[in-house]
Amino acid sequence: MTSSGEAAGTRPRSAPVGPVDSSVVPRYAGIATFARLPRLDEVGRADVAVVGIPFDSGVSYRPGARFAPAAVREASRLLRPYHPALDVSPFAAVQVADAGDIAVNPFDIGQAVATVEQEVGELAATGASVVTVGGDHTLSLPLLRAAARLHGPVALLHFDAHLDTWDTYFGEPYTHGTPFRRAVEEGLLDTEALSHIGTRGPLYGKADLDEDQRLGFGIVTAADVMRRGVDEIVEQVRERIGDRPLYVSVDIDVLDPAHAPGTGTPEAGGLTSRELLEILRGLNGTRIVGADVVEVAPAYDHADITSVAASHVAYDLVSLLALRRAAS
Ligand SMILES: N=C(N)NCCCC(=O)O
Ligand SMILES: [Zn+2]
Ligand SMILES: [Zn+2]
């Protein structure tokens with residue numbers, strides 16, 4: 001038995017069931033869950049749930065993000081239970097569990113979007129804060145619908161090489177390049193507190209930037225991160241976010257292709273994984289309510305570089321949510 005530490009249901013709520021102990025069961029043994037955590041059905045409930053959504057029917061270029069949840073779980077075997085930079089043992093502070101994958105329709109994007117909204121909404125209604133491992137960026141729309149239903153319009157910190165505020169592709173409104181325009185149109189976002197971080201690369205035209213600004217977004221480009229540095233960026237975005245409920249969306253292509261080759265629409269000149277993780281850590285103390293990590297496409301990866309980066313990003317997001325939940 002290597003799937004979870006102890007029997008569920010026999011422990012008081014105050015003692016979370018943690019991951020498998022890697023000093024007892026080698027970390028490469030057993031079936032992968034995120035960070036070797038118990039499955040949600042083993043513990044009954046969770047304060048923070050990690051859920052996979054194997055879906056990539058919304059992509060405009062290279063497919064393959066449907067295989068990300070499995071790859072990120074495998075890469076997460078090496079994560080350890082104490083986060084020194086945030087000074088937290090997230091899996092001891094609160095109950096964290098792997099909620100498995102949501103089975104979404106690969107042939108009908110509208111139906112997939114509806115399924116995600118429904119199932120993540122149900123998970124959130126049990127009291128769990130949700131970190132999603134996608135899947136392509138289309139998923140942020142139903143995830144934001146679920147977040148806004150609980151919290152009202154949310155502030156958004158969007159890490160991405162791309163704006164993802166385009167209108168349609170081939171006439172289709174639900175794609176990985178359009179989730180945040182839909183989210184503004186649907187009133188899911190607090191338009192006083194929307195930021196892209198890591199934006200770069202060629203656009204279709206200058207109007208892309210004008211429309212993005214009209215929707216309410218502020219932009220911190222990848223070059224801004226390099227020139228101004230992590231601390232100044234953190235200060236700026238924290239001021240913008242204030243004490244609003246915050247949703248964090250991390251498109252792994254925010255990283256330079258050297259740090260994340262395994263993605264569908266790579267752009268040169270991106271952030272390092274160190275910069276990304278440090279900006280995330282700078283969010284400690286904000287009112288983070290949910291997060292996603294999307295656009296990992298393992299078929300283009302090398303030596304698991306991208307899956308390892310994504311597993312660490314998810315670990316940091318889980319840690320931020322655990323700190324927030326433990327404080328409330
Ligand atoms: N969300 C991601 N990763 N990419 C959007 C790129 C849209 C395009 O092909 O123009
Ligand atoms: Zn992107
Ligand atoms: Zn994106």
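No hydrogens, no waters, no symmetry mates; every other heavy atom, side chains included, goes into these values. Position 1 is the first residue of the sequence; numbering continues from there. Indexing begins at 1, ligand by ligand and atom by atom, following the structure's order.
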**Prompt:** Which ligand 1 atoms are under 4.0 Å away from a heavy-atom of His137?
**Reply:** 1 (N)

**Request:** Flag Glu295 as yes if one of its N/O/S atoms falls below 2.8 Å of the Zn ion (ligand 2), otherwise no.
**Result:** no

**Message:** Just to be sure I read this right, does ligand 1 sit under 4.0 Å from the backbone of Asp251, its side chain, both, or neither, counting only heavy atoms?
**Reply:** side chain

**Request:** Quick one: look up the protein heavy atom nearest atom 7 (C) of ligand 1 and list residue, atom name and how far away it is.
**Result:** Tyr169 OH, 3.1 Å

**Complete:** At under 4.0 Å between heavy atoms, what of Asp253 touches ligand 1? The answer is side chain

**Asked** Should we say atom CD of Glu235 is surrounded by more than 12 heavy atoms from elsewhere, each under 6.0 Å from it?
**Response** no

**Prompt:** So, do Arg73 and Asp101 sit near enough that their side-chain heavy atoms are less than 4.5 Å apart?
**Reply:** yes

**Request:** Report yes or no: does Asp164 have an N/O/S atom closer than 2.8 Å to the Zn ion (ligand 2)?
**Result:** no

**Request:** Among all protein heavy atoms, pick out the one at the shortest distance from atom 5 (C) of ligand 1; state its residue, atom name and that distance to 0.1 Å.
**Result:** Asp164 OD1, 3.3 Å

**Item:** For the Zn ion (ligand 3): the N/O/S atom of Asp160 at shortest distance
**Value:** OD2

**Asked** By atom name, which N, O or S atom belonging to His137 lies closest to the Zn ion (ligand 3)?
**Response** ND1

**Ser195 vs Arg240, side chain to side chain contact (heavy atoms under 4.5 Å, CB included): CA-CA, chis, key distance, verdict** = CA-CA 8 Å; Ser195 303; Arg240 200 167 163 93; 3.4 Å; yes

**Item:** Proximal atoms of ligand 1 relative to Glu295 (non-hydrogen, under 4.0 Å)
**Value:** 1 (N), 2 (C), 3 (N)

**Message:** Checking one value in my table: which N/O/S atom of Asp251 lies closest to the Zn ion (ligand 3)?
**Reply:** OD2

**Asked** Tell me, do Thr221 and Ile197 make a side-chain contact under 4.5 Å, heavy atoms counted?
**Response** no

**Prompt:** Does a donor on one side chain sit under 3.5 Å from an acceptor on the other, for Gln118 and Glu122?
**Reply:** yes

**Complete:** To the nearest 0.5 Å, atom CG of Leu156 lies from atom CD1 of Ile241 at 9.0 Å

**Nearest to the Zn ion (ligand 2) - the N/O/S atom of Asp253, by atom name** = OD2

**Fill in**
of all protein heavy atoms, closest to atom 9 (O) of ligand 1 is Ser60 OG, 2.5 Å

**Request:** Can you measure from CG (Leu163) to CG (Leu203) and round to the nearest 0.5 angstrom?
**Result:** 5.5 Å

**Message:** Checking a contact table here: which protein heavy atom is nearest atom 10 (O) of ligand 1, and how many Å away?
**Reply:** Tyr204 OH, 2.4 Å

**Message:** Among Arg200, His196, His137, exactly one meets side-chain hydrogen bond (donor to acceptor under 3.5 Å, both in side chains) together with Asp160. Which residue is that?
**Reply:** His137

**Item:** Exceeds 12 heavy-atom contacts within 6.0 angstrom, atom CD of Gln213
**Value:** no

**Message:** the Zn ion (ligand 2) and Glu267: any N/O/S contact shorter than 2.8 Å?
**Reply:** no

**Request:** Below 4.0 angstrom from a heavy atom of Thr265, which ligand 1 atoms are there? Numbered from 1 as shown, please.
**Result:** 2 (C), 3 (N), 4 (N)

**Message:** Any N/O/S atom from His162 (main chain or side chain) under 2.8 Å of the Zn ion (ligand 2)?
**Reply:** yes

**Side-chain donor-acceptor pair present, Arg45, Thr126, cut-off under 3.5 Å** = no

**ILVMFWY cluster, Ile252 and Val133 together (side-chain gap under 4.5 Å)** = yes

